[in-house]
Structure formats: structure tokens, C-alpha cells
Enquirer: 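Mind having a look at this structure? Questions to follow.
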Amino acid sequence: MFGTSRQASVKPRWHGSLVAAILLTMSMISTANELDEIKLVSFVDPPYMFEPDQNKAGLVALIVEKLFQRTRIAYKLELMPKKRAIIFAETNKNTCVLPIERSQEREVKFSWISPVLISTTGLFSSPDNPIKKPIITLMDAQDFRIGSQLGSASGEYLRALGFKVEAVPRNTANLHKLKAGRIDLWESDAITARYISQKSGVMLSKSSLDFFTHLYAIGCNLSISIDKIELIRDALMAMYRDGTIDKLNNEFNP
Amino acid sequence: MLRLVFVVLQVFLITASASAEQMPLSKNWQALAEGFIKNEFQPSTLSEKEQLKELKWFAHAAKPYRGQQIRVVSERIDTHFYEANVLAKVFYELTGIHVVHEITGEDDVIKKMQAQISTGRSLYDAYINDSDLIGFHIRADTTLRLDTFMKNEGKEVTLPTLDLKDFIGLDFTSSPEGHLYQLPDQQFANLYWYRADWFARPSLRKKFYSIYGYELDVPQNWQAYEDIAEFFSVHIKNLDGQRVWGHMDYGKRDPSLGWRISDAWLSLAGTGDRGLPNGIPVDDWGIRVDGCRPVGASVARGGALNSPAAIYAVEKYVEWLDKYAPPQAKNMNFTEAGNWLVKGNIAQQIWWYSAFTAALTKPGTAIVYKDGTPKWKMAPSPKGAYWQQGMKLGYQDAGSWTFLTSTPLDRIKAAWLYAQFLVSKTVSLKKTLVGLTPIRLSDIESTEFIERANKLGGLVEFYRSRGRNVWTPTGSNVPDYTKLSNFWWQYVGDAVAGKISVKSAMDGMANAFDTVLTKISEKQDGECSPKLNPKTFETYWLEKPGAPKAALDKFDPPLTLPYKEAIRVWN
């Protein structure tokens, strides 16, 4: 789902943009000291997080808004390239990065609040070039050329299993390659697949096989107190239990 | 008149429904099943007729669930790849239930299971989860109790020939009262690994004897292991044109360091009490229980996590890593270190998972002869100084079918059919020969398994011995594995890096455990939730019999045994 985000062309700060204004005014200012404010760093990945000038709040931005409303912890959201965001959160106090996978390599570096996002990766084909073989197990897809986005965890997963994976910088290119028959399948999560399909006007068939579930988390700098981490975590779990997360997800994938 | 028609219709429908179950399966299905029996499921401990009967049962039981898609998740070992790539497809063709069997790291399996528990959202219909979490499962009310499920709502989907008595690992997946929570799917042990060809070389044996005064054979205690490590790393150094080492391990401050120690390293040292599977009342994590209630991990509360035996265990781990392992080992994690044995320059390794048997018996490597027999062997682990007869001696993994109560019942039933298919006698011997992770006694005692012995480096011998009951997973004294497991690598990692002494690390870890046990007691209800003993002088506990044990001032002399005798000890 999340590839390497774009380079320095993404404006790191949202000041002056409409969406930034919405999110900042919606962030709850607690009675606590401004030093208690948490900096959230994230990266552009539509429809989860849009570029500031698109005037849209992505799914992750909406989840964050609701989550921090509940905790009454003040926050500021800033965008930067993904790799920089991860390092930034690791090295700066009172900072969290999202949404990232909680890998073993990263486990020691952050305090974790998870899952902020749950997505399932499927294999999509084009109705113009349907695949002729049913995919019952993942290994049934081994002979197909699979499109992926650079940096995609699912793409890496398939590659490690010996699949023929062709990675491109932008996911929209995968859709066009699919339509042109240059790849047979495209690995993507359903929300991204739907968004890109609608945006580009290229039809997609239903996923042939949803083969992997990814959990994404908020990774927080170790300076943030465990009490604060637990407060945010408890609020997130409450959002699952009362249906808030499902409702937000359904807005993007009805 | 209408009423009569209605009654007749009802009678017809009831009769039709009843006879649907007995309706014969199609000829196509029969041919398909017979084909799978002949081509995929040989050998088996069942006759072909018995196998067909089992498969027919699955087909009938699955009828209400045909067309369903079920999601299960397991860790990344050969056995599960066979299940996901081959068996899931066979199951689909025979039953019409489509299983998406996802393979990922074990830590990811646990995170996903935790996510389902904490969010209440059903992510998977079943998990193949290590039984190390049994303490959590028996206390948390979020895991389906399998024994009652099989008798009640799961009765019509429970295989009549499942034969639970045939499973070797049910003690690991049951509560202390004997209630079954998980069903083992695969098992492997953590054992001692060594280059049998080097140990048999006359020149090396002669030199070893001249230095140490006893034979170079399978070490029976840590004193002998240490001598052998020193021998190869310091006195031999070069063999057959390469630098060689008498020990291999890893020490990077990383989650994988956690299971290096928690997968029963303290039990090898003799930290806990006697009693199987884990030690009663103090287990191999150093946690004391009163009944089933954890009362403390620190010595001051009657636990043994910072006892002299535990400190000795970790001190030896750090010392050997520094002195006898390749220098890079200190900065390696589990995966990186796992690539070393196949290079052929390691003489022995005290902590090694038998799940890697297949990988280390691949022809063409430096550690396998041309005829396919390995140059190495696995043997029962050497014991640390505090170990006593009747104690657990090392770790065994039991990846087990686990169902959460937040999963809808009809989906649990469909997934339960898949689970039973994978462990059924129709399938299990073939699966064991593919993945080398036995779960059934009948498979272990089969001619086909026994005949593989000379190609499997000691795996068959171990599983045919009573050692299979003495090497055990983490047990029920641990009330929440995931809340406690991170402390292992955090504290021991600091000791490896030299930031703190081992004693400080174990003291810190024991206190951290006690703090978390207190927090768990505030959230967990029930007669098995923690309730800490008050703190007292450590001498109060150290002077009592059993764990925590007082420091030894004398150690037994090193002891080795020839391989056949080393195995016979456990027969």
C-alpha cells in the first residue's frame, strides 16, 4: 500500500492551506502546557493522506483528527517524505510518525500505538485482460507478472517468495500497465485500488485473492510518557469498538 | 387443507435435510479423493480405505460451509508453506471451503491476534499461534476453549477419528486443570547441534584429551560445553583451511534476542523448580505461582528471575558470546546468525531449533556428505549447574490452532474443519516427512519416520525419546506473554552491550516483571490473575528448598558421553 513517498516537491508545511486550517482548528487545545503538544509527521499517500493543496482530508488524517479529539491532546500534523518522517520521529522529542509498519527492526526505536490502520492487499486484474487461471492459493499467481509500487511491503513480500514483481514509482502507472496487458496483476489494498481506479477512469476487476493483511501503527518517540501513549491507545481501541473506525473506512471503501 | 399441505411440506423438508447428509458423494468427488490419497497422502498410518472414510467425513461436514472463504495465518516454516501451498488447495477441492492461508513472521501472527483481541474486529478465522501464550489464553476469556467446543457447538464439525490421545503436545496447550485451549499443528525443539565428523576425528580427539583429560563427545553439562568451545576457538582455530569457532550465537539488542533467552535458556541453567511441563511452583521464566496465581518474579517475592541461577545463565551466555563465538555474532540478530552453520566453520551450538533440519540437510553444502547424510548431529541439550532431575531442560515450540471468541461461530466451524484436516491421520505423516515437525505419536513410531533417521541428524531419535516431554514451551505461569516478553531483549541487550552488569539487568528485569504483574492483576479478574507476595529479604526464599536456589560454590566436573549413550539417557 505505501510506497516510497515523493521527494522534496512535497511541501513539508501546511500553513496557509485549507486542509491544514481545518485540521489545526480541529485539534483540541488542552488546558495543558503547549509543551505537551505532540507533533505528528506523516507522508503523502492518497487516499490516506493527500497533498495540502488538494483540499481533501485522507482516511489517516480523519482518524487522527477523531483520535486526538477524544484524548484532548493537542497535536500538529506535518508532511514530509516517508523515510525522513520515520527518522524525524525517532530523533525528535514529542513526535510520532504514522502510519508505519511495526517491524522488528523498528520495534526498539519507538513506543507503539496500533493498529491505526488495517488493510488487506489483493491481486487485481483488468477486465480488458482477465486472467484465465483461478487463484486459489497465492502460489497459483506465481507465473503472472505482478505490478507493485516501489517500497511496497507487499511487493517485497511477494518478491521474497520468488514472484515476478515489477515495481514502479507511481501506482497509477500500474493501472495503465494492467490495462495495456504489460502486467497481469496489480498488488494493492482495496482502498488505494478503488481510489486510483476512479481517479484514472480505468476499470478494475474484483481482487482475485486478498492474500495479506497489514497492520499500521503510530510510532512515537521514546520521550513521550507511557501514560500518554496508553491514553491514545485506549482511545484508539474505543474507536474500533464503537464503530468509528469502520464508519471512516466505509467512507473510502463502501 | 392448507394446513395439511404445510405439514406434508414440513415433513418432506425435514426428511430431505436428514437424507442430504447421507447422500453419496459424486463419482467425480470419489475419483478426486482417491487420487489425492494415492498421489499426495502417502505414506499414512491409515489404510487407504480409512483415509477415504476420513475425507468423506470432511466433505459431508463441510456442506453447510461450501463457498465460504476462510482466513488463517501462521508463521514462516516449511510445514506451513506445505499447508498453504498444497493442502489448502486439496481441502478446497474436496470441501468447497476456500482457505486463504497467510504466511508471515511469528511476531506478526501475535500482533494480528492481539489486534483482533483489542479491537474486537475479526481479522482471521483462526491463528496458528505458539502455545507460549497459553497463560494468556487460559485467563483472558478471549480464546475459545476447544474441549467444550468439541462437545457442544462444535460437535457436528469435530472429526470422529481426531484421536486426541495421539497428540504428543496437549500438555503444552492445556490449562493446569487439563482444559484444552489450542490444538498443536507443528512442533520443533531447541537442541544441541554439533559437527559429529569433527568430534570423531582422531587427531582432534587426541588433542582434546591431552588438554582437558576427558573425551571429546556430546557435552552433558555446561562445563564440558565451555571446554569444547574453548578448544575449537582458542586451541584449534584453523581446520581444513578455514578459521573455525567452538560456539555460535547472537547478541544484537533486537526482539529476536528476547526469545534467545525466554525460549528456556534459564531452564537449561536449572533456574526453576522440578515438575513438568514447566516447573512447579517456579517456572523457567522465574515466575512463582500459588495455585495458578502468579505471585512474583523477583527473588524477594519468591520468584527466580534474578536468582543466582538466572544470573549464572545470562552471564554464561554473555561470556561465551564474547570469548568463543565469531566476533560479528555480538551484533547479529537471529536471522543473520542462522546463516552461519551452513558455512561449515562452527563446531557446536548449544541453542538451535530443529525446525532448521531440512535447511541443514540440503545436499551440496559444506555440512552434508555427498550421499545426503549430514556431517552434524543434534542431541539433548547440556545442563547448567543448577539443573536437577525432574526439571524441564530446554524449549519446544508448539504452533497450535487458536480460535478467538470474537470470530463468528460459523466461521470458526469452517476453520476448525480446515485445522483438523491439516492434523488428521490422513495427512499428518506425509506432512511430518515434508516439514519435520511431528505432532502425533503414531507418526513418530511409523516405519517411514524411523527409516529417515540417518538423514535427519538425530531428530527421529529425539522425538522417539521421552525428551519430547522434557523440552517444553513457555507455560501457564506467564499470564500475558506479550506484555512481558519485550523485557528480555531490552535488559539482556543492555548487558550484552556492557551498559550494565548481568546482575543489574536481571534485577531490573525482575522488578519490571513484578510491576507488570501488578498492572495485570488490576485488569484481569479470576482466580488465576496475579497477586503479588509482599517483598521480603531474599535470604528467606533462598534458604528454602527448591527455587529460587542459593548460589553454588562448587560445580560438577565436565562430562561428555558418546552420542548413542547421550540419547539413551532420555530413553
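Everything quoted here is computed from the prediction, not taken from an experiment. To find a chain, count down the sequence lines: A is the first, B the second, and so on, and within it residues start at 1.
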Enquirer: Taking side chain as everything from C-beta outward and backbone as N, CA, C, O, which of these in A:L138 sits under 4.5 Å from a heavy atom of chain B? Side chain, backbone, both or neither.
Expert: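 No part of A:L138 comes within 4.5 Å of chain B.
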
Enquirer: Quick check on the interface: out of B:E102, B:K252, B:Q490, B:R253, who has the most heavy-atom pairs with chain A under 4.5 Å?
Expert: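 Greatest number of close heavy-atom pairs with chain A: B:E102.
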
Enquirer: Any chance NZ of A:K133 has more than 12 other-residue heavy atoms, nucleotides or ligands included, within less than 6.0 Å?
Expert: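 Counting other residues, nucleotides and ligands, NZ of A:K133 exceeds 12 neighbours.
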
Enquirer: Name the region of B:N85, side chain, backbone, both or neither, that has any atom closer than 4.5 Å to a heavy atom of chain A.
Expert: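 B:N85 touches chain A through backbone and side-chain heavy atoms alike.
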
Enquirer: Could you give the distance from CD (A:Q104) to CG (B:D254), rounded to the nearest 0.5 Å?
Expert: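 A:Q104 atom CD to B:D254 atom CG measures 5.5 Å (nearest 0.5 Å).
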
Enquirer: If you count heavy-atom pairs within less than 4.5 Å of chain B, which of A:L236, A:L161, A:L209, A:D140 leads?
Expert: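 Most heavy-atom pairs within the cutoff with chain B belong to A:D140.
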
Enquirer: Flag yes if more than 12 heavy atoms outside B:K483 fall under 6.0 Å of its NZ atom; otherwise flag no.
Expert: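 No, NZ of B:K483 has 12 or fewer neighbouring heavy atoms, counting only those of other groups under 6.0 Å.
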
Enquirer: Counting neighbours of OH on B:Y92 that are heavy atoms of other residues, nucleotides or ligands and sit closer than 6.0 Å, is the number greater than 12?
Expert: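 Counting neighbours around OH of B:Y92, 12 or fewer heavy atoms of other residues, nucleotides or ligands fall under 6.0 Å, so no.
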
Enquirer: Quick one: closest heavy-atom pair of B:A84 and A:T137, and the distance?
Expert: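 B:A84 and A:T137 have their closest heavy atoms at O-CG2, 3.4 Å.
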
Enquirer: If I take atom NZ from residue B:K111 and atom CH2 from residue A:W112, how far apart are they, to the nearest 0.5 angstrom?
Expert: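 Output value for this atom pair is 8.5 Å.
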
Enquirer: Considering only heavy atoms from C-beta outward, does the side chain of A:L215 approach that of B:L123 to under 4.5 Å?
Expert: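 Side-chain contact under 4.5 Å: yes.
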
Enquirer: Counting heavy-atom pairs under 4.5 Å with chain A, which one of B:G120, B:G493, B:A88 comes out on top?
Expert: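 Heavy-atom pairs under 4.5 Å are most numerous for B:G120.
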
Enquirer: Pick one of side chain, backbone, both or neither for B:I117, based on which atoms fall under 4.5 Å of a heavy atom in chain A.
Expert: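 Backbone only.
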
Enquirer: For A:R102 and B:D108, indicate whether the former's side chain and the latter's backbone hold a donor-acceptor pair under 3.5 Å.
Expert: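 Here the side-chain-to-backbone pair does not exist.
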
Enquirer: If you count heavy atoms of other groups shown closer than 6.0 angstrom to CG of B:D141, is the number above 12?
Expert: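 No.
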
Enquirer: For the CG atom on B:D525, are there more than 12 heavy atoms of other groups (residues, nucleotides or ligands in this structure) within a distance under 6.0 Å?
Expert: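 Check fails, neighbour count at 12 or below.
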
Enquirer: Taking all heavy atoms of A:F212 and all of B:I103, pick out the closest pair and write down the distance.
Expert: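 Closest heavy-atom pair between A:F212 and B:I103: CE1-O, 3.9 Å.
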
Enquirer: Test salt bridge (charged side-chain N to carboxylate O under 4.0 Å, His left out) on A:D246 and B:R121; report intermediate values, then the result.
Expert: CA-CA 9 Å; A:D246 277 344; B:R121 181 193 270 201; 2.4 Å; yes

Enquirer: What pair of heavy atoms forms the shortest contact from A:R241 to B:S118, and how long is it?
Expert: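 Of all heavy-atom pairs spanning A:R241 and B:S118, the closest is NH2-O, 2.9 Å.
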
Enquirer: Between the side chain of B:K112 and the main-chain N/O of A:T213, is any donor-acceptor distance below 3.5 Å?
Expert: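 Such a contact is found between B:K112 side chain and A:T213 backbone.
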
Enquirer: Do A:E107 and B:N486 have side-chain heavy atoms sitting under 4.5 Å apart?
Expert: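 In contact.
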
Enquirer: Please classify the contact between A:S103 and chain B as side chain, backbone, both or neither, with a heavy-atom cut-off of under 4.5 Å.
Expert: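 No part of A:S103 comes within 4.5 Å of chain B.
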
Enquirer: Going by an N to O cut-off under 4.0 Å, is there a salt bridge joining A:D210 and B:R71?
Expert: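 So A:D210 does not pair with B:R71 through a salt bridge.
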
